[in-house]
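Per chain, numbering begins at 1; letters A, B, ... match sequence-line order.
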Amino acid sequence: MHIPDGFLTNRIALSLDVVSGAGILYAARRAKVDISGRTAPIMGMLAAFVFAAQMLNFPVLGGTSGHLIGGSLLAVLLGPLIGTLTMASVVIAQALFLQDGGLVALGANIFNISAVTCFSGYAVFKLFGKRIIVEGKHLFLAGFFAGWCSVMVSSACCAFEMGLSGAIPLHIGLPAMLSYHAIVGIVEGMLTGGVLKFLLKVRPDLMKDEGGTGFGIPDWIGAMLLVAIPVALLIVAGSSSLPDPLEKLLGATPIASGAVPANPLSSSRIGDYMIRSAAFILLVGLGILVSRLVRSRRSRS
Amino acid sequence: MRHNFIDRYAALDSPLHILEPRTKLLAFTALIVGVLSIPATNGFLFFIYAFAIAIMMGFSQVPLNYIVGRALLLLPFILLASLAAPWKGYLGFGVLFVRAILCLILLILLTNTTRFAELLRGMRKLGCPQILAMNLSFLYRYLFVLTEEAMRMKQARDCRRTASAPFKEELKLLSSMLGTLLIRSFERAERMHSAMLSRGYSGDFPVISPRKFSWHDLAFLSVVTLFIVSTFCFTNR
């Protein structure tokens, strides 16, 4: 599910970079992890644990193999914000150590694999009731559905991004990804539920709180806004002279090799680059601005 | 397990190694964006980028077969995904494939010419939040311990059974193994953390003799900028 560089168009990859970057900065500011507290080592160890657990492959049908993703497990244990941060560090480490997932595609990977799995898993888990962890009833079931849904939603996001980029058409990618991950998700769900049950039995103290980070209504609004940014960017960019990703997606205008303007000096070509570079500069500027803002806030507090 | 399988060649002393981590992060990101924005029909530009990357590979002193081996590990997935490229037949496949490979080699070069602690320091200076950097440095340190533990457990499991159990049993086994690994890791992490706190840990890991921004970096950055700008101009003409 890790997307390497080259499969997403710059527009999608960079806008997701900005979204993920801003999201991580926000989560880091919001989560307020005390370094001398007990969340910090557990976070680090869980990150290493998920990284290592992803190396334990198990066979799925047809000679392929799957592995644990673990986002929903982290979200349940640590809360969605810290879970996302922890998962993001796993994804960054995978890109840096194993070159699994690209550098510019990092934003997309963080979005799919950490943010989406953590939040969808957490939301599904919470559907089973507020006191599910304390009571321990249906814990396995809740963990199972959290794990399964998180994998499905995340793979659907991945397929959509690839489809919008024109790398893998949606009508092939989406069913393929979903059917494959429906099986992987079963194992993910069972492992999530199993580990949760096991932890409740052996170390119930770890399960009691979620590191003190609930996720209130303002946070949900913020998250929605964050997701709305790339969608808006895509729509705005769709009105430019670039090939419209949505049209490409729907297969309305299949782009033949001759569709590229024969004369590269034509104004639309230059316009393309103007738009592209303007969008790039805008995105980078936005990223810097957000990081400045967050930093100055933190230094004041 | 070898303890340097992640950044084995990061301690060399080549022109690429002596650069400041921030310079490298920015320049490599820019180069990857450059590779990604090459128009699909411009084969010549792909050659120019490949040539530039080859020059950097030569300067980096990282053995060629190591880079190729690393790239080969990820080749199956890239091939599979490129084969699904819907448009333009061979051309679409080739473009996706070449782009992905070039970016992959750039990433391999970046991580294998920079020590991880340096890379983290660079990220930190570029605005990465402390908690993320801290988490990454924990991950890096715990990973080897954990992987060894996991491999020991896997070996123990393989010694005790002769054939693979039915699927359900297998899952039960795997999840209890994961649980045990988790508990052991937690306890170890808590021990380590209190040991670190009692020795004055404050959230940042100091780097011994960090690289400084020097004229090397200035030269490298300007060459990379010039390269990317000129290729952009070239595509516009």
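For the set A:Gly194, A:Ala40, A:Ser89, the count of heavy-atom pairs under 4.5 angstrom toward chain B peaks at A:Ser89. Highest contact tally toward chain A, considering only B:Tyr201, B:Phe186, B:Phe138, is held by B:Phe186 [criterion: heavy-atom pairs under 4.5 Å].
Contact annotation for B:Leu182: both backbone and side-chain heavy atoms come within less than 4.5 Å of a heavy atom of chain A. For A:Thr86, the parts lying under 4.5 angstrom from a heavy atom of chain B are both the backbone and the side chain. Neither the backbone nor the side chain of B:Leu102 comes within contact range of chain A; no heavy atoms are under 4.5 Å apart. Residue contact with chain A, scored on non-hydrogen atoms closer than 4.5 Å, involves the side chain of B:Met134 exclusively. Of the atoms belonging to B:Leu119, it is side-chain heavy atoms, and not backbone ones, that fall under 4.5 Å from chain A. For A:Ala176, no part sits under 4.5 Å from any heavy atom of chain B, backbone or side chain.
A salt bridge (charged side-chain N to carboxylate O under 4.0 Å, His left out) check over residues 27-46 of chain B, counting only residues at least two apart or in different chains, returns nothing.
Separating the CG atom in B:Leu181 from the CE atom in A:Met45 is a distance of 8.5 Å, to the nearest 0.5 Å. Taken to the nearest 0.5 Å, the OG atom of B:Ser185 stands 8.0 Å off from the CG atom of A:Leu46. Taken to the nearest 0.5 Å, the OG1 atom of A:Thr9 stands 9.5 Å off from the CG atom of B:Leu36. Once rounded to the nearest 0.5 Å, the distance linking CD1 of B:Ile108 with CD of A:Gln99 reads 4.5 Å. Here the CD1-CD1 distance, from B:Ile131 to A:Ile24, works out to 11.0 Å after rounding to the nearest 0.5 Å.
Between B:Asn135 and A:Ala47, the closest heavy-atom pair is OD1-CB, 4.1 Å. Between B:Pro129 and A:Leu25, the closest heavy-atom pair is CD-CD2, 3.5 Å. Nearest heavy atom pair, residue A:Ile92 against residue B:Met123, reads CG2-CE, 4.3 Å.
Put simply, the side chain of A:Phe49 does not reach to within 4.5 Å of the side chain of B:Leu139, judged on heavy atoms. Considering only heavy atoms from C-beta on, A:Asp5 stays 4.5 Å or farther from B:Arg99 through its side chain. By the 4.5 Å heavy-atom criterion applied to side chains, B:Cys103 and A:Leu103 are not counted as neighbours. Residues A:Phe7 and B:Leu96 have side chains in contact (heavy-atom distance under 4.5 Å, counting atoms from C-beta outward). Between B:Glu190 and A:Ile42, some side-chain heavy-atom pair lies under the 4.5 Å cut-off.
In this view, A:Phe198 and A:Val202, B:Thr180, B:Ile183 satisfy the side chain to side chain contact (heavy atoms under 4.5 Å, CB included) rule, not counting sequence neighbours.
Remark: aromatic rings of A:Phe51 and B:Tyr142 are distant, center separation not under 6.0 Å.
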